[in-house]
2 protein chains.
Amino acid sequence: MTLSWPGRGTASSSAKTPNAEPERFATASGHGELHFGDNLTALASLGKTHRGRASLVYLDPPFLTGRVHQAIGRAKAPDESGPRLLGAARPRRDAFDDRWEDRGAYLDALGSRIEALKPLLADHGSMVVHVDPKTSHYVKVLCDEIFGEDCFASEIVWRYRRWPSKTPNFQRVHDVLLRYRVSAKAPPRFTTLFEPLAASTLATWGTGKQRAVVEGKRRARSSTTEEPSQGVPLGDVWDVGLIAPVARERTGYPSQKPEALLERLIRALTHEGDLVVDPYMGSGTTLAVAARLGRRFLGIDQSEVALETTRARLAAAGHELFAADASERAAS
Amino acid sequence: MTLSWPGRGTASSSAKTPNAEPERFATASGHGELHFGDNLTALASLGKTHRGRASLVYLDPPFLTGRVHQAIGRAKAPDESGPRLLGAARPRRDAFDDRWEDRGAYLDALGSRIEALKPLLADHGSMVVHVDPKTSHYVKVLCDEIFGEDCFASEIVWRYRRWPSKTPNFQRVHDVLLRYRVSAKAPPRFTTLFEPLAASTLATWGTGKQRAVVEGKRRARSSTTEEPSQGVPLGDVWDVGLIAPVARERTGYPSQKPEALLERLIRALTHEGDLVVDPYMGSGTTLAVAARLGRRFLGIDQSEVALETTRARLAAAGHELFAADASERAAS
DNA sequence: TTGGGTCATGAATCCGGCA
DNA sequence: TTGCCGGATTCATGACCCA
């Protein structure tokens, strides 16, 4: 089953930004890389050098909003020098451009990136695309074509709370993450995570593990055991807060995702030492979490603001640039 | 943008079941009707008699599971006579057949029903399709074609809790409800419902409404007002429990949905006296809730088990059959 | 002139981490 | 602890433009 749109597949990809040598950072797990440039160009060459090496590809592409999104400078400089800037006084810079001719052009661009990402994944690996509920459906149909529907693993719903607005509709308070496996046959890499038990369960059963008691052929009743329950296996609806406006984690980069969200994905879908790839790096949340959890990382972005933000973030976490040529680029 | 599949639009609809006179029930809001037969056939004639009359169409079609679903008899007869039946001893009857040649055939069938439903809706009305996260994406693309993307209103996520299973994946714990408006211009019928404030908000702000204080050109701070907050406007992720295995509400009909879920939809999207239509009636949950809330209703199903279940449910709620011909049918 | 569409701006008012 | 601060919001409003 395919999606059709006028001009499908005819879009020419134009790499508008230079593609330099990657910058390499020393981390607990070895090293991670930052690539500057159009991700499609970068992926074309990574397809040769990194085939089958990644356990997780996470991508957070633009959501087809039709706008240019801006990064907002921090209220105070990192070294606490200078005045505290508030409101409109905080400097703004264009971070990424999310304007498209139409949805067809958007899907063409995204689809070709996803196709280029697939070869990077190991047999046990998975890809997670982060989208909103307006685009998710089209992206799912596109990915079903690329990976095969058998490889669709989960629609994860990220539920958050935010300020209310007056609208004659149910407020939108969720994003969607689509997960695909590369292979429907290879045993997947998956570590079950647990959530606290529901309040009603705690009241009825306490914290002991429940066990069904079988009499004859049917389940007679349940009972609790002494063994403490680890909680409920994590479901596909995640309650994770947005990054608070004053949170230390906030970089000012638009569309920044909470570290807690990425931590769940990386813990569940990769082991220590595995490679995590993010072709829409942005503020570098995926990389920062991967580094903290001892995973290797590879990030790509064509926005200079994104590179600067990520470099600063990794440096602040103690990961040092170690390639000479990259150090020079960063210093320039 | 369109979905293409081999043989799209060539499927011939064959009404396999007779289409009798509707059965009419007296309710608080006037009356409601039950139609027995293929819903496509029924909708073809309703399109002439009921054009523009419905405020809400809710449909809970089969989810493309590839199986025949069975109704399970209750453990005890309604009059409490006879033995209490347990486990495999409870009688089973086929309720509906969810086997399809392929997804194309499924979408063809569903799409033609949705097209036939649209004319029943008033300008302020909306349609809600209940699907699962495997089919939702295809159904959304289909509905975008039928209603236009501008009319897409919400992807509602119904989140429930259930017995955990051991699978190397995030447990599926949600269904998806897609809401469309008939007209992007007509003022929609919508009553905002409220949820309790988040625990953190209550702790910080109490139950008073917050208000931003603007000094000069920028927002200086927030403060609480005397006016009590009604809570947060209901979002698009709903935590509603599954029907417990022992709940009074449970009829034994497969795929039965909780009344609490329908109550939210009906309260938000209709007024008293409005007409609610459900072309995949099943156990009659939509009708039961509509009747309880003083809305008129119209249900269609081709399964005799569904009709029996719904009749019994409406009768138990005190709504009486009043059409002579229908009474005869029901008695036979 | 008037009527319609498009675009920038302001208002409404939870949420959560930090000082 | 108490108070702060602004956000991948969303709608109403008003300015502006063109036929």
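Below, read A as the first sequence line, B as the second, and so on, with proteins coming before strands; counting in each chain starts at 1. Side chains are part of it too, since the values below use all heavy atoms of this structure and drop only hydrogens, waters and symmetry mates.
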Hey, what are the protein-to-nucleotides 11-13 of chain D N/O distances that come in under 3.5 Å?
residue: D:dC11; atom: OP1; partner: A:Thr167; partner atom: OG1; Å: 2.7

Return the nearest nucleotide to the side chain of A:Arg162; candidates are C:dC18, D:dC4, D:dT9. D:dT9
Where the side chain of A:Phe96 is concerned, which of C:dC14, D:dA8, C:dC15 is the nearest nucleotide? D:dA8
Dot-bracket encoding per residue of DNA chain C, Watson-Crick/G-U cut-off under 3.5 Å, | denoting interstrand: .|||||||||||.||||||
Sequence neighbours left out, what passes ring-ring contact (aromatic ring centres under 6.0 Å, His included) with A:Trp238? Give chain and number order. B:Phe170
Could you pull out all residues at least two apart from A:Trp100 that satisfy ring-ring contact (aromatic ring centres under 6.0 Å, His included)? A:Tyr106
Counterpart residues, ring-ring contact (aromatic ring centres under 6.0 Å, His included), relative to A:His174 (two or more places apart): none
Between D:dT10, D:dA8, C:dT13, which nucleotide gets closest to the side-chain atoms of A:Phe63? D:dA8
Nearest heavy atom decides the nucleotide; on that basis, is B:Gly231 or A:Ala244 closer to the 5' end of DNA chain C? B:Gly231
Using the rule given for side-chain contact (heavy atoms from CB on, under 4.5 Å), can you reason through A:Thr135 versus A:Arg103, listing the C-alpha separation, both sets of side-chain angles and the distance that settles it, and then say yes or no? CA-CA 9 Å; A:Thr135 51; A:Arg103 186 165 48 211; 5.6 Å; no
Choose from C:dG17, C:dC15, D:dA8 the nucleotide whose nearest atom is closest to any side-chain atom of A:Ala247. C:dG17
Between the protein and nucleotides 4-9 of chain C, which nitrogen or oxygen pairs come in under 3.5 angstrom?
none

